[in-house]
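Quick note on labels: first sequence line is chain A, next is B, and so on, each numbered from 1.
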Amino acid sequence: MFKRTHTCGELQKVNIGDTVSLNGWVNTVRLHGQVVFVDLRDRYGKTQIVFNADSFSGDFEAVKKLSMEDVLSIKGQVKPRAESAINPNMATGEIEVVVENYIMLNEAAPLPFVISDRDNAEENLRLKYRYLELRMEELQRNMLIRHETYQATRSYLSAEKFVEIETPMLMKSTPEGARDYLVPSRIHHGKFYALPQSPQIYKQILMISGYDRYFQIVKCFRDEDLRADRQPEFTQIDMELSFIDEEDIYSTMEGLTKHVFKQVRNVELSGSFPRLTWAEAMDTYGSDKPDLRYGMELKDVKEFTNASDFNAFKSAERVMAIVVEGGAKYSRKIIDELTDYVKKYKAKGLAWMKGENGGFTGGISKFFSDDLHQSMRKELGVNDGDILFMIGDISSITLNALGHLRVEIAKRESLTKKDDFKPVWITEFPMFEYDEEADRFIAMHHPFTAPREDDIGKLDSDPSNTLSRGYDLTMNGYEIAGGSIRIHSQKIQEKVFSLLGLSREEAIEKFGFLVEALTYGAPPHGGIAFGFDRLVMLLAGTENIRDVIAFPKTTSATSLMDESPSNVSLDQLDDLRIQIKQSEK
RNA sequence: GGGAUCGUAGUUCAGUUGGUUAGAACGCCGGCCUGUCAAGCCGGAGGUCGCCGGUUCGAGCCCGGUCGGUCCCGCCA
């Protein structure tokens, strides 16, 4: 091999006359009989190298056999290109390297797909040959953005006195929350470790141990069904701080977020991030992770529908609407599609009417008097050419369905710009959700989340309306971080456990040492964790988490490249005293 | 656990109402070609239509099941 003197992205006119060596992959071959052009590629770029039968002393017949993705080492002289041969689309397009000698380092077998753009192959094939797909420019760019995000995070947090500490990957299985990935113990037959869903307990312990400000960029594991933005193993920027309140969290995390966006994308996120309470977010956007890049807020129309002759909404707990500017263009077919869309979220239907000639037409408009038409147009800001969509149901269904409709319409109408980033804090989450199936309260965030000071009394009197000191940072419709101020009082912790149906003994059994540790001098503390992959998705401008993970899994949690999960040998199972049950049926 | 959708050459796709020998482009192989940069021109090879079963005189196409990919609901403290 000729050790490279340059990468494939750097040679310029100033290098003309130099003898250089390049190493890289054959990106394309253009064969013209007695002259062969090859674009040699590495992760820094591409350079055109030229084999000319007149000047090349080696075996020219072999040169003619070069094919895509062969790995070459070449030595040659940098030459200027003729004016007409300059390629302005290439960073190195003003020069070429005339090859004097080359070594075939690895001849590539015929490829399962062409490595130019990702549409050339379906995803299952690209995942099987992920090492080939990772050669593509788009993924190399994403991996670089991810790398820069790690670096920006570490440098910022370290400068802010955060200490990076690793916590165990083999830990105790905890109930509540997501399903754990389990790891059987060989030494303790029948016992299992769990892979962390998050290092929650350890980081609180670290606060009790006095480490003040902790962070870790860490893998977490949740054995749940997947989505476009969810993988079974994913990465968090996990943080915990002592002697702080919400304001410290907000300002520190805004600083981190701004630093990352500036360093990685040169985007300035100016000022303090806006805040919405959970109730405001739900009422205004029908979502606890609202996309603030566009308006289309939800409007309460119950008083109007009550005054109309439209009876289907009379018994609805909540009737809300959104106004779509220019939406009167929607055909029956599109409205039917949108109706099917909201039905996924349990809405019974989608009522509509179009603004026209100073009033409303179509849909359910005939059930509303002319006076109602006028007051609704004025109150809701409807103009000719707009459409009003309404949903009536119990509050949670109305808000959720309309919130999703808002996002769907924004997508159809292309209301978002990729380089627009709109962060917003969501605060004052409810402490508990009622689980109908289990007939008990479950923690909305987790069992260590503190209630608001003002709401501590409600733990006894009105638990379902107790608000917590939890917070999420959301951006463009994604939850990118979530956390809370923790309970540091043993008394309140026990109260919360009992509301969750856990005795002190059960709590110690289930949450291990943390409960006991809280009794030995726990400082007030709180923390937050960023979904690192989602953050990188936003920075990279992709909507798919697999685009920002080097070796992702499919939606059925398999790896098509290494074919995991897989069977293991009987010996391995014997060591663990594990026997596989035959599946039922 | 449920719903939607996709699966045809190495790859991306087309394939009519169920009817003779399943097509195109790119890639691959061979030939021509000294200035291309998606090089061009000529020729060739390449198919268990995901798999199993059914309906039919006849299935890539219709039906049932199954496997795999994707998206969504549930789930994800």
Atom OH of residue position A:Y193 - does it have more than 12 heavy atoms of other residues, nucleotides or ligands inside 6.0 Å? no
Taking NZ, NE, NH1 and NH2 as the nitrogens, is one of them in A:E61 or A:K65 under 4.0 Å from a carboxylate oxygen of the other? no
Euclidean distance, atom CG of residue A:D54 to atom P of B:C33 [Å, nearest integer]: 14 Å
Just by distance, with hydrogens left out, do A:D39 and A:T28 show a side-chain donor and acceptor under 3.5 Å apart? yes
Under a 3.5 Å cut-off for both distances, is B:U36 Watson-Crick or wobble paired, and to whom? none
Separation of A:R126 atom CZ from B:U12 atom C1', in whole Å? 12 Å
Who is the Watson-Crick or G-U wobble partner of B:G43, with both distances under 3.5 Å? B:C29
One thing to verify: whether A:E337 and A:K333 come together as a salt bridge, which I'm taking to mean a side-chain N less than 4.0 angstrom from a carboxylate O. yes
Considering every strand and a 4.0 Å limit on heavy-atom distances, what is the contact class for A:T174: base, sugar-phosphate, or nothing? nothing
With both distances under 3.5 Å as the test, what is the Watson-Crick or G-U wobble partner of B:G19? B:C57
Taking atom C1' in both B:G44 and B:C57, compute the distance separating them and give it to the nearest angstrom. 38 Å
Could you tell me how far apart A:F51 (CZ) and B:C33 (C1') are, to the nearest whole angstrom? 18 Å
A:I86 CD1 - B:G35 C1' separation (whole Å): 13 Å
So, under a plain 3.5 Å distance rule, would you say the side chain of A:R222 forms a donor-acceptor pair with the base of B:C75? no
Between B:G69, B:C37, B:C73, spot the one nearest the side chain of A:L560, thanks. B:G69
Below 4.0 angstrom, N of the basic side chain to O of the carboxylate: do A:D336 and A:R332 qualify? yes
Classify A:R546 by what it touches in the nucleic acid, base, sugar-phosphate, or nothing, heavy-atom distance under 4.0 Å. sugar-phosphate
Salt-bridge contact A:K346-A:D393 (side-chain N to carboxylate O under 4.0 Å): no
If you look at every strand shown and take non-hydrogen atoms under 4.0 Å, does A:N52 touch a base, only sugar-phosphate, or nothing? base
Of the candidates B:C76, B:U12, B:U36, the side chain of A:E224 sits closest to B:C76
If you count the non-hydrogen atoms of other residues, nucleotides and ligands that lie under 6.0 Å from CD in A:E428, is the total more than 12? yes
Taking the minimum atom-to-atom distance to the side chain of A:F37, which one of B:C71, B:G35, B:G27 wins? B:G35
Determine whether a donor-acceptor pair (one donor, one acceptor, N or O, separation below 3.5 Å) exists between the side chain of A:N120 and the base of B:G27. no
Gap between atoms CD and C1', on A:Q200 and B:C76 respectively (whole Å): 16 Å
Quick note, A:K346 side chain, CB onward, closest among B:G69, B:C71, B:G74 is B:G74
Check whether any side-chain N or O of A:R230 sits under 4.0 Å from OP1 or OP2 of B:C71, and answer yes or no. no
Check every strand shown and say whether A:E96 touches a base, only sugar-phosphate, or nothing at a heavy-atom separation below 4.0 Å. base
B:A39 pyrimidine/purine six-ring stacking with A:H32, under 5.5 Å and 30°: yes
CD of A:Q231 versus P of B:C75: gap in Å, rounded? 21 Å
Rounding to an integer number of angstrom, what distance separates B:G65 and B:C71 when you compare their P atoms? 24 Å
The residue, A:P112 or A:M68, whose nearest nucleotide of RNA chain B is more 5′ is A:P112
Identify which nucleotide among B:U11, B:U36, B:C76 has an atom closest to any side-chain atom of A:A85, counting heavy atoms from C-beta outward. B:U36
B:C71 pairs with, by Watson-Crick or G-U criteria that keep both distances under 3.5 Å: B:G3
Taking only side-chain N and O atoms of A:T28, does any of them lie within less than 4.0 angstrom of OP1 or OP2 on B:C37? no
A:P110 near the nucleic acid: base, sugar-phosphate alone, or nothing, with a heavy-atom cut-off under 4.0 Å? nothing
For a quick check, tell me whether the side chain of A:N87 and the base of B:U36 share a donor-acceptor pair closer than 3.5 Å. no
Could you tell me how far B:A9 sits from B:G23 if I compare only their P atoms? Round to whole Å. 14 Å
Does atom NZ (A:K411) have a neighbourhood of more than 12 heavy atoms from anything else shown, all under 6.0 Å? no
Contacts of A:L125 and A:S67 projected onto RNA chain B by closest heavy atom; the upstream (5') one is A:L125
Are there over 12 heavy-atom neighbours, none belonging to A:E224, within less than 6.0 Å of that residue's CD? yes
By salt bridge (Lys or Arg N to Asp or Glu O under 4.0 Å), which residues pair with A:R130, not counting sequence neighbours? A:E133
Quick one: A:R118 CZ to B:U11 P, roughly how many Å, whole number? 18 Å
Expressed as a whole number of Å, how far does the P atom of B:C29 sit from that of B:U70? 32 Å
Proximal nucleotide (of B:C73, B:C71, B:U34) relative to the A:N544 side chain: B:C71
Please evaluate the base of B:U11 for a donor-acceptor partner in the side chain of A:E122 within a cut-off of under 3.5 Å? no
How far, in whole Å, is B:U20 from B:G58 if one measures between their C1' atoms? 12 Å
Tell me what A:Q197 touches on the nucleic acid: a base, only sugar-phosphate, or nothing, going by heavy atoms under 4.0 Å. nothing
Donor-acceptor pair (no angle test) under 3.5 Å: A:R81 side chain, B:C37 base: yes
Just N and O in the side chain of A:S556: are any of them under 4.0 Å from OP1 or OP2 of B:U70? no
Atom C1', compared across B:C33 and B:U17: separation rounded to whole Å: 49 Å
Specify the separation, in whole Å, of atom CG of A:D340 and atom C1' of B:C72. 13 Å
Of the listed B:C72, B:C37, B:G35, the closest approach to the A:Y345 side chain comes from B:C72
Should A:R30 be listed as having a side-chain N or O under 4.0 Å from OP1 or OP2 of B:A39? yes
When the C1' atoms of B:G54 and B:G69 are considered, how many whole Å apart are they? 26 Å
May I ask you to evaluate whether A:K79 reaches the phosphate of B:G35, defined as a side-chain N or O under 4.0 Å from OP1 or OP2? no
Mind checking A:E123 for me? I need base, sugar-phosphate or nothing, with any heavy atom below 4.0 Å counting as a touch. sugar-phosphate
Have a look at A:K65 and say if it touches a base, only the backbone sugar-phosphate, or nothing, with a 4.0 Å heavy-atom cut-off. sugar-phosphate
Using a cut-off of less than 4.0 Å, is there contact between a side-chain N or O of A:R227 and OP1 or OP2 of B:C73? yes
Separation between the P atoms of B:A4 and B:C41, rounded to whole Å: 46 Å
